[in-house]
There are 2 protein chains.
Amino acid sequence: MARLTHMAREGKAPDGRSSRWDAHREVRRAELVDAAVRAIDAHGPDVGVASIAAEAGVSKPVLYRYFADKDELYAAVGQWGADEVMDRLLAAILTEASVRDRVERGVDAYLGAIEEHPNVFLLLVRHRTGHGDPLADGKARIAATFARVLGDTLRELGVDAAGAEPWAEGLVGLGLATGEWWLSRQTMTRTAVGRYLTAFVFHALEGTAAELGVPLSALDAPGLVPDSVSPITRRS
Amino acid sequence: MARLTHMAREGKAPDGRSSRWDAHREVRRAELVDAAVRAIDAHGPDVGVASIAAEAGVSKPVLYRYFADKDELYAAVGQWGADEVMDRLLAAILTEASVRDRVERGVDAYLGAIEEHPNVFLLLVRHRTGHGDPLADGKARIAATFARVLGDTLRELGVDAAGAEPWAEGLVGLGLATGEWWLSRQTMTRTAVGRYLTAFVFHALEGTAAELGVPLSALDAPGLVPDSVSPITRRS
DNA sequence: CCATAGCCGTTACCGCCAGTAACAGTTAAG
DNA sequence: CTTAACTGTTACTGGCGGTAACGGCTATGG
């Protein structure tokens with residue numbers, strides 16, 4: 001993390017001159033992320049730091065007070081995008097409906113979200129955090145949430161839950177790749193991609209569940225899901 | 001494409017002084033790609049051009065005689081990797097066996113391939129060609145082959161084939177994401193990931209086929225596949 | 001037989017862009 | 001009234017992708 005001066009003080013007597021900025025820093029950082037999002041929307045996922053700074057009405061060194069390097073800034077944008085997507089996706093999924101319907105609504109919510117900020121989405125697809133920290137980039141964040149939901153559900157049902165992680169990662173990759181293809185080629189309407197993607201995902205889930213000996217209808221009640229979700233998706 | 005001097009001559013009277021190099025150039029280019037692969041294997045997917053040149057025992061300008069820019073070089077490496085993967089994958093898939101078995105063998109062949117050159121694989125996952133040419137990077141190459149196979153199969157069966165492309169892209173994304181997760185975390189044995197990935201893919205295919213009104217057993221004979229594959233995968 | 005066309009390869013440079021140094025001003029806490 | 005944190009600037013460094021400009025080798029063409 002980019003650290004401002006006061007972090008050098010090692011937790012000794014709390015000095016008001018330091019703490020009075022705590023709130024400010026957060027909001028400022030958010031503003032900068034916002035500016036970065038605007039810049040990326042406008043100039044594509046490969047904008048230079050200079051352009052982002054300009055969009056924020058600020059010079060580079062200011063930016064570097066809040067983000068250690070470009071990677072960290074991009075990671076923050078990625079998380080912003082991931083939250084954007086997950087907020088809608090979860091809202092669509094955590095409803096009372098058949099699994100098929102929930103998948104369909106989730107997929108549509110997802111496609112709608114990435115359609116609004118295609119460039120940010122591309123960033124999310126491409127960015128890899130250097131220092132292997134999961135949760136650092138948006139993609140990993142989404143995968144972690146999926147893994148958690150899947151894992152909890154499987155454990156709840158008393159079946160082998162080890163597949164949760166690979167499946168979560170795979171699902172994310174599936175969605176990202178389909179989304180990227182759709183956005184960059186625009187050769188198919190949103191509802192059409194949605195239909196195909198929904199079918200694919202649903203059948204993968206359905207068949208896998210069946211193989212584990214669980215009738216899919218056991219999942220029609222979404223009761224257990226919210227708890228396992230909140231701690232990760234919500235912004236800190 | 002990177003072009004050497006003789007390309008400036010616009011196809012006029014064939015001069016032996018030009019054509020005598022034709023064979024040489026190809027082999028040389030291949031050597032350089034090989035060197036790049038070695039360099040990437042050794043130093044990760046973010047090697048500098050200088051290191052690649054060094055590995056090839058050559059200075060940068062030489063490299064740039066064969067590749068217009070870093071992107072083109074990386075694209076060539078990506079294609080190399082894609083071919084490496086597809087050769088094995090197709091060999092495993094185009095056999096007489098149940099669909100499930102073929103998927104399983106394909107998945108295992110795939111995992112084996114990426115295990116041998118993890119860094120090249122990472123490059124393949126990450127690299128995006130700038131100038132939107134499909135087939136330029138390895139990922140797109142694989143997706144195109146999948147799309148072709150799926151599309152031909154669906155058309156052969158007389159059902160809606162429009163899903164071939166999104167499904168192909170999605171499948172590739174699914175595989176790449178799972179592979180990347182597995183390689184970078186190494187928290188699961190190859191056979192285990194293979195099992196989970198196989199189940200997921202198989203059920204997606206099976207369920208989707210069923211939804212289209214096709215019994216999956218109709219696909220157990222792999223007769224039609226080879227033709228649609230060769231023109232794309234084979235190296236020119 | 002020598003000019004020519006293409007290759008071989010080098011060193012030394014340019015230009016871009018991420019990241020930094022150094023400096024000056026402001027505001028509120030101690 | 002000092003001090004700690006912010007505000008912000010301009011102008012630099014350093015790495016790396018890419019290029020210019022040079023000289024030498026070998027086989028084809030007339």
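Treat the numbers as computed from the prediction; the structure is a model and nothing was measured. Sequence lines set the chain letters: A, B, ... in the order given, protein chains first and strands last, and positions in each chain run from 1.
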**Asked** Is the distance from OP1 or OP2 of dC8(C) to the nearest side-chain N or O of His24(B) less than 4.0 Å?
**Response** yes
**Request:** Kindly say whether Leu174(A) contributes a backbone atom to a donor-acceptor pair with the side chain of Thr178(A) at under 3.5 angstrom?
**Result:** yes
**Prompt:** Rounded to whole angstroms, how far apart are NZ on Lys70(B) and C1' on dG15(D)?
**Reply:** 12 Å
**Item:** Under 3.5 Å: donor-acceptor pair, side chain of Trp182(A), backbone of Met188(A)
**Value:** yes
**Message:** Distance check needed: dA18(C) P versus Asp69(A) CG, whole Å only.
**Reply:** 11 Å
**Prompt:** Would one find a side-chain N or O of Tyr66(A) under 4.0 angstrom from OP1 or OP2 of dT7(D)?
**Reply:** yes
**Item:** Whole-Å gap separating C1' (dG9(C)) and OH (Tyr64(B))
**Value:** 17 Å
**Prompt:** Within the distance-only criterion (no hydrogens, no angle test), does the side chain of Ser184(A) pair as donor or acceptor with the backbone N or O of Glu180(A) below 3.5 angstrom?
**Reply:** yes
**Integer-rounded Å distance: dG17(D) P and Phe67(B) CZ** = 15 Å
**Asked** For DNA chain C, what residues of residues 38-60 of chain B have any heavy atom nearer than 4.0 Å?
**Response** Val58(B), Ser59(B)
**Request:** Give a yes or no on whether a salt bridge exists between Arg29(B) and Glu26(B), defined as a side-chain N under 4.0 angstrom from a carboxylate O.
**Result:** no
**Request:** Could you pick out which residue, Arg28(B) or Pro61(B), lies toward the 5' side of DNA chain C when each is mapped onto its nearest nucleotide?
**Result:** Arg28(B)
**Asked** CD of Glu26(A) versus C1' of dC6(D): gap in Å, rounded?
**Response** 16 Å
**Prompt:** Taking CD from Glu72(A) and C1' from dA18(C), how many angstroms apart are they, rounded to a whole number?
**Reply:** 14 Å
**Request:** Over all heavy atoms of both residues, which pair between Glu115(A) and Leu183(A) is shortest? Give the atoms and the distance, please.
**Result:** CA-CD2, 4.3 Å
**Message:** Suppose we call a contact any N or O donor and acceptor under 3.5 Å apart; does that hold for the side chain of Arg65(B) and the base of dG9(C)?
**Reply:** yes
**Prompt:** Out of Val47(A), Val37(A), Ile40(A), which one pairs with Leu123(A) under the side chain to side chain contact (heavy atoms under 4.5 Å, CB included) rule?
**Reply:** Ile40(A)
